[in-house]
Amino acid sequence: MAVRTPEASPGPEAAERGPGPVKVRLGVNGRERGIDIEPRVSLLEVLRAELDLTGAKRGCDQGTCGACTVWVDGRRVLACLTLAITCEGREVTTIEGLARPDGTGDGQLHPMQEEFIAQDAFQCGYCTPGQIMSAVGCVQEGHATDDAEIKEWMSGNICRCAAYPHIRAAIRAARDRV
Amino acid sequence: MSTSAEPSTSPIGRPLDRVDGRAKVTGAARYAAEVPLPDLTHAVLVGARVACGRITSIDASEAERQTGVLAVLTHENIGKIAGQPPLLPSLAGTVAPGETFFPMQSDQIHYAGQQVALVVAETYEQALHASRLVRVEYAEQPSVTVIDDARDQAYEPEAIFAGFIPGRAQRGDVAQALEQADVTVDNTFSYAANHHNPIEPSAATAWWEGDRLTLHDTTQGVTATQHTVAALLGIPHTRIRVVSHFTGGSFGAKAMIWHHPTLAALAARAVHRPVRLALTREQMFTGCGHREEQEHHLTLGADQRGRLTALRHHKLSLTSPFDHWAEPSLGVVGQMYACPHYEGAYHLIRANTMTPTFMRCPGEATGLFSLETSMDELAERLGLDPVELRLRNFAETDPASGKPWSSNGLEECYRRGAERIGWHRRAEPPARDGDWVIGLGMAASAYPVYGPNNPARARARVYADGTAVVQAAVTDIGTGVLTAMTQVAAEALCLPVERCRFEGGDTDLPHVAATVGSSGAGMVSAAVYAAATELRAQLVARAVADEGSPLHGADPDHVVVRDGRMMRGDAPDTGESYAELLRRNFLPDSEATGSWGPPPHDVPYAALTFGAQFAEVAVDPELGLVRVRRLAGAFAPGRVLNAKTARSQLMGGMIWGLSQALLEATHMEPNTGRWANASLGEYLVPVNADAPEVDVDFVDVEENLVNPLGVKGVGEVGQAGVAAAIANAIHHATGRRIRKMPITIEDLVVAPEA
Ligand code: FES
Ligand code: FES
């Protein structure tokens, strides 16, 4: 399974917090963010509703499509299956922070983003942020040596537009540029 | 029009990157459930747990007590719709409800999942939690949900498809022709129900400002949403604006206007705040239609040389309690080959499901499986190469109407597809690769060219800085229409693409019908071309009439425009740019509108987009495994507006064909009347590992008739015939004919009945 949820590591106080809103501090795309959320709220909902980072998509809320893929401490996770409160003290990276993790940047895209455009590796674009976060993770993990490997390690991200051959082409191209 | 990579100065056809690419790869593209709004509330639907019966009680008290809950709406308090508009395909350009039934108007339950309550809360999690606490009691009645439940209740409708297609069609005398045929092939096919499952679930965000409603909807047509919601709510068009800049895939799920945008509007009215209503993945199986469960009975008659003499094609399928709906599986099948005697008939069974709907390649995806696997069988019986059999039956004119084709290209598609897959390798016995047996199969492909029933309109404007914006109320569902229309605008205005911008996705823009049935590129390009051409003519006319212009007095017919500069054809040094003309006259801009169509109903030609599909599969007969190793398709879609995005659409369609052949089935549990696998974990769609390399080839044909630019469309023909090519390849590898979809391991490991 290419995509995992971070191991839950409830601090001693976590068990006592909630069910009402509690203060949670997250590092998101290089910025410290404090939010008041119920402990039951997923990382995906926090990103989309609280922080207005709608790049992470909700395709199923069940861990089956990969559209919500983001990184927690540099590893790809399904934000819909991750409780935001379990990410306290961790660093979350979303598509919005991929090219410029420090939140500044000059509009330059990440090579993977550029190759997704060049290879036409998407159509409707709804799966695309998740695909790209997964694709960069796949290359960084060393799971992109050949197409057979890319196929397996990218199969947690469904593209219903079926841009798969072009997604593989984009990953090959971005891999070879790095 | 060449679509190969040869350099061309014309913007049309060039494989340009998508204009919305950057927004999509950075997460900046906002979909309907992502519009930021102050005071936004969240709504979650509750679906009926029974398939037929009445609601005896609803207890919302516990849900209402939950923190953050603002309202629980049911048939008892949501209020009545103004009226039920008729079911019309959204291509008609007017109202387009997915079914002639609106939920939460009474206690009657017609299908499982029917929306019975709507919970509105401050946050999504609160609404979701409370939705599970709404207690609904039912008096359940027996339901019909599968064909096997009610074969004896089948009826022959006078017309299907909202009355647009007659229930029966025939030419010649099929019974007699079958009796006299040298060879007959007679088979029954069964096809599972399918669900579209775009990755973006359907959603709407609604808010009222006084009596004015704004809706962000997941839709294939903002105008269709506007017409439909206006009719259901009984409010004037002037008070409803629908926006959809990005739609996260549809494949037909968002082609018709289902209930959620109207429910979101009703909820927003009830809580006096903006409401976002998104369907859950499970609700996508009962919220926006499906491809219905169906059976086909197809009989071919042919002479010794393989020429078809008779074709009989009957379809039996499930429809809803409200509408006579069947996907049009018979149409293209009756037009594919020169065959003098034909009979096609639809039979329906009323069932406790929602009204089925368009799903990519609606009808052809199933019809061509029946026809093209039968043709493969006929070729085998006659000892003919499958390609040769098809060439012998090539239809020089449309067999259904007798009219000439607008353009064709099919024979060349066969040749090119065969070359691409390496058809000459197809040997008996089939080749082996370890435990895998390698099969090759092919099938013909075709899809109708639909035109709109109402004019398609566009507006073009050139600013005094020399840039241009062109607008039409079209939504990009992933087709690349924004990019292609930018190219069309640039071509007609004679401007560089970089100086043109195309805007769509808003009912404040000129009206076009929903982009469905592969018709979007043809009709929108026609309108954009008309508007932009009109604007160019207007600017040239102004220049030649302007005493201050170097072009004063020139013959407008002899003025050419290049890169936004108008000049005399015979003296290119004499001229000026659009910008110079406008600025000198203190004009901020110049604007024109254009429209196209609708084409007359009785045109002197018939139009299909043709193609040919080839598949190479590897089958492990012991384990029943099938791996599609390669797909190759050649298509003749007329003019291609953007070679890159068109290729992507065809490729996606071909993988959809693979998916249909081997993966997709929604299973009905007849005891409960509910879909048994309503999730992406259990409804199989291809993942990266399932998708082989796909070879897409374009065949040039001269197409001058279907619309001004000769665009026949690429959204669906890519899928047509693929599943049959795969089934035929499986037959080549195993000798087994599997006459159902999807074809699964069980079909291949279980010995055929004696
Ligand atoms: S939304 Fe998280 S996997 Fe689908
Ligand atoms: S681009 Fe549409 S789902 Fe992947």
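Per chain, numbering begins at 1; letters A, B, ... match sequence-line order. What's counted below: heavy atoms across the whole structure, side chains too, no hydrogens, waters or symmetry copies.
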So which of A:Ala163, A:Ala162, A:Gly59 has the largest heavy-atom pair count under 4.5 angstrom toward chain B? A:Gly59
Check whether any side-chain heavy atom of A:Arg168 sits under 4.5 Å from a side-chain heavy atom of B:Glu693, and report yes or no. yes
Could you check which of A:Cys124, A:Pro165, A:Gly55 has the highest count of heavy-atom pairs closer than 4.5 Å to chain B? A:Cys124
Can you confirm whether B:Thr479 sits close enough to A:Gln123 that some side-chain heavy atom of one is under 4.5 Å from a side-chain heavy atom of the other? no
Give the C-alpha distance, both sets of side-chain angles, the deciding distance and a yes or no for side chain to side chain contact (heavy atoms under 4.5 Å, CB included) between A:Lys57 and B:Tyr31. CA-CA 10 Å; A:Lys57 302 299 181 197; B:Tyr31 297 77; 3.6 Å; yes
Flag the pair B:Glu200 and A:Arg160 as a salt bridge only when some basic side-chain nitrogen lies within less than 4.0 angstrom of an acidic carboxylate oxygen. no
Less than 4.5 Å to any heavy atom of chain B: does that hold for the side chain of A:Ile132, its backbone, both, or neither? side chain
If you count heavy-atom pairs within less than 4.5 Å of chain B, which of A:Asp120, A:Asp61, A:Ile95 leads? A:Asp120
Side chain to side chain contact (heavy atoms under 4.5 Å, CB included) between A:Ile117 and B:Arg18, worked out: CA-CA 7 Å; A:Ile117 295 175; B:Arg18 287 171 199 261; 6.0 Å; no
Contact check, side chains of A:Tyr126 and B:Pro198, non-hydrogen atoms, under 4.5 Å: no
Where does A:Ile158 contact chain B at under 4.5 Å (heavy atoms): side chain, backbone, both or neither? both
Quick one: does any side-chain atom of A:Lys151 pair with a main-chain N or O of B:Val687 as donor and acceptor, under 3.5 Å? no
For the CD atom of A:Glu45 and the CD atom of B:Glu125, what is their distance to the nearest 0.5 Å? 5.0 Å
Going by distance alone, is a donor N or O of one side chain under 3.5 Å from an acceptor N or O of the other, for A:Glu38 and B:Gln126? yes
Determine, stepwise, if the pair B:Ser648 / A:Phe122 fulfils side chain to side chain contact (heavy atoms under 4.5 Å, CB included). CA-CA 8 Å; B:Ser648 286; A:Phe122 54 89; over 6 Å; no
So, is the end of the A:Arg48 side chain (NZ or CZ) under 6.0 Å from the ring centre of B:Tyr124 and within 45° of the ring's axis? no
Given side chains that start at C-beta, do those of B:Thr26 and A:Leu109 come closer than 4.5 Å, heavy atoms only? yes
I want to check something: taking the side chain as every heavy atom from C-beta on, are A:Phe116 and B:Lys24 in contact at a cut-off of under 4.5 Å? no
Return the SG to CD1 distance between A:Cys60 and B:Ile199, rounded to the nearest 0.5 Å. 8.0 Å
Distance check, rounded to the nearest 0.5 Å: A:Gln62 atom CD versus B:Glu282 atom CD? 7.5 Å
